[in-house]
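One-based numbering along the sequence shown.
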Amino acid sequence: MRFALLLAIATSACAQPADSPDERQRRADSNLTPAEVRVDSVVVPVGSLSVAVLTHTIPAPAGGDPAFWAVNLHDNEDTSMDAALEVAAETGGVVVELVHTGDRNTSFQVDGGRTCEADPNRMFTAAGLQRTLDALSETPVPDACVEALRQLAGHVLTQTGRAAAEVV
């Protein structure tokens, strides 16, 4: 049995316009029905923030192997989520989504109100994590910021791996 894997990471070019009436509401013209999509949710505490890691699993048509995988880390990119879910509906697949602040970046407080902000794309390596925190957060960056984002990155990778193990 052959398995085709396509990993797509949503980009900011797909962000839904800011003047949208409800940025979290999926488009009405989606061809998916709720019964076809299984959504598993893990809530991860990140400092003062609760981040939901949603795993949307859509079976492949006619019982075939799923061919599409996507990860959407920016909470303001609803158009890319719509597109990923539509492709997954056609081919079968998994879409992992972070739901946090409604913005591109994740922002939270630690240590009595110290603000941390990071681009979630950068949280998967030590160097990227430090660079995004240095660029966007209060300085000096508290160790609690680094640890909170490391844990979030670990949960995203764990959820993606679990979904892969279930479907493959």
Honestly curious: do Leu136 and Val46 fall in one hydrophobic cluster under the side-chain, below-4.5 Å linking rule?
-> no
Note: Ser41 and Ala52 closest approach over all heavy atoms is OG-CB, 4.2 Å
Output yes when a side-chain donor or acceptor of Thr101 lies under 3.5 Å from a complementary backbone atom of Asn105, and no otherwise.
-> yes
For the side-chain contact (heavy atoms from CB on, under 4.5 Å) test, which of Val99, Val44, Val43 pairs with Val53?
-> Val44
Kindly compute the distance separating CD (Gln159) from CG (Leu98), expressed to the nearest 0.5 Å.
-> 10.5 Å
Close side-chain approach of Ser107 and Leu49, heavy atoms under 4.5 Å | no
Please round to the nearest 0.5 Å and tell me the distance separating atom CZ of Arg131 and atom CG of Asp134.
-> 9.5 Å
Can you tell me if Thr132 uses its side chain to pair, donor with acceptor, with the backbone of Gly128 under 3.5 Å?
-> no
Might you work through the side-chain contact (heavy atoms from CB on, under 4.5 Å) test for Trp69 and Val96, ending with a clear yes or no?
-> CA-CA 8 Å; Trp69 294 79; Val96 177; over 6 Å; no
Which distance, rounded to the nearest 0.5 Å, do you find between the SG of Cys116 and the CD of Glu147?
-> 12.0 Å
Measure across Pro120 and His74 and return the closest heavy-atom pair with its distance rounded to 0.1 Å.
-> CD-CD2, 3.7 Å
Specify the closest pair of heavy atoms between Ala148 and Gly47, including all atoms of both residues, with the distance to one decimal.
-> CB-N, 4.1 Å
Short N-O contact, Asp119 and Arg104, less than 4.0 angstrom | yes
Looking only at heavy atoms, what is the nearest atom pair of Glu117 and Ser137, with distance?
-> N-OG, 2.7 Å
State whether a side-chain donor-acceptor pair under 3.5 Å links Ser48 with Gln109.
-> yes
Decide yes or no for Arg38 and His56: does some side-chain heavy atom of the first lie under 4.5 Å from some side-chain heavy atom of the second?
-> no
Asn72 side chain to Glu77 backbone, donor-acceptor under 3.5 Å | yes
Test side-chain contact (heavy atoms from CB on, under 4.5 Å) applied to Val71 and Leu73, step by step | CA-CA 6 Å; Val71 178; Leu73 300 173; 3.6 Å; yes
Would you confirm whether Arg150, through its side chain, and Met123, through its main-chain N or O, come within 3.5 Å as a donor-acceptor pair?
-> no
Under 4.5 Å between any side-chain heavy atoms of Phe108 and Leu149, yes or no?
-> yes
Looking only at heavy atoms, the pair that brings Leu133 and Ala118 closest together is CD2-CB, 4.1 Å
Do the side chains of Val146 and Gln130 get nearer than 4.5 Å, heavy atoms only?
-> yes
Please answer: with hydrophobic residues joined when any side-chain heavy atoms are less than 4.5 Å apart, are Leu54 and Ile58 in the same cluster?
-> yes
Side-chain contact, heavy-atom cut-off 4.5 Å: Phe124 with Leu157?
-> yes
